[in-house]
Amino acid sequence: MKNIKLGVNIDHIATVRNARGGEHPNIICAAKIVEASGADQLTVHVREDRRHINEHDLENILKVINIPLNLEIAANKEMVKIANKYKPSSVCFVPEKRQEITTEGGLDIIKNYDNLKDIINNLYDDIDVAFFIDPDNEQLKASYELGVKTVELHTGMYANAYFENTSSNFELDKLKKTASLGEKINVKCAAGHGLNFDNVSNVASIPHISELNIGHFLVGDAIFNGLENSIKKMINILKESVK
């Protein structure tokens, strides 16, 4: 039986806090709950516009947690300086547009190959590197050629199709094919975006996906059920999915 890890993204707790200012709801309290609830890692995204998590949050979170911290950032030198200063366990480079509500797709590794090569060469060697990509074999191959050993597959198209009750099997098949190629060329595949209690099992059961990162849904569910309960329920669903 494979073991699938759960990373919990707490960006949107900071979104609620920033709506009114101050320190409530407290991001450090949230980080501690994530760890106590059994999650394998904590994920945060420091955006260029600092719309939710900021460097102060990042610094304070790193002081109180013992599980790995996965930092999502845009692929530019300003963000690399932040990563090098605070030294999270891992960095996942994601595409970022100022006007988007949330991440809308994966990085185009092929189009931005030379820039990404320069960017990752400026990141400290002891920080693990990942790319957030669409489930596409050519994008995976380009990531591999850059020496990146981990990718996170964008599950947004699958999640949308599942919600709309349309071609979710087609989108799921793309995830399976890319994860299978990852296994063959020794690139670890994580996955995330738009996953919830209803649609996560299909992704978790893909043999070569070893980690899921889930944020918005868990924070939303926590409003009604509490963050610890929401995380533990997701962990139990993942365990049942991989039996």
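We number each residue from 1, following the sequence as shown.
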Open item on the list: So, using salt bridge (charged side-chain N to carboxylate O under 4.0 Å, His left out) as the criterion, who are the partners of Glu145 when residues are at least two apart?
Closed with: none
Open item on the list: Suppose we screen for ring-ring contact (aromatic ring centres under 6.0 Å, His included). Which residues come up paired with Phe197, at least two apart in sequence or across chains?
Closed with: Phe217
Task: salt bridge (charged side-chain N to carboxylate O under 4.0 Å, His left out) involving Asp118 - partner list, sequence neighbours excluded - done: Lys77
Task: side chain to side chain donor-acceptor pair (under 3.5 Å) against Asp136, all qualifying residues, sequence neighbours excluded - done: none
Open item on the list: A side-chain contact here means heavy atoms from C-beta on lying under 4.5 Å apart; do Leu69 and Leu58 qualify?
Closed with: yes
Task: For Tyr144, all residues meeting ring-ring contact (aromatic ring centres under 6.0 Å, His included), sequence neighbours excluded - done: none
TODO: For the pair Arg51 and Glu96, find out whether any cationic side-chain nitrogen is under 4.0 Å from an anionic carboxylate oxygen.
DONE: no
Task: Test: Asp57 and Arg17 ion pair at under 4.0 Å - done: yes
Open item on the list: Please determine whether a side-chain nitrogen of the Lys or Arg among Lys81 and Glu78 lies less than 4.0 Å from a carboxylate oxygen of the Asp or Glu.
Closed with: no
Open item on the list: Under 3.5 Å, is there a donor on one side chain and an acceptor on the other for Asn196 and Tyr162?
Closed with: no
Open item on the list: My understanding is that only residues two or more places apart in sequence, or in another chain, count here; which of them pass salt bridge (charged side-chain N to carboxylate O under 4.0 Å, His left out) with Glu228?
Closed with: Lys232
Open item on the list: Could you tell me if Asn213 and Glu211 have a donor-acceptor pair between their side chains, going purely by distance under 3.5 Å?
Closed with: yes
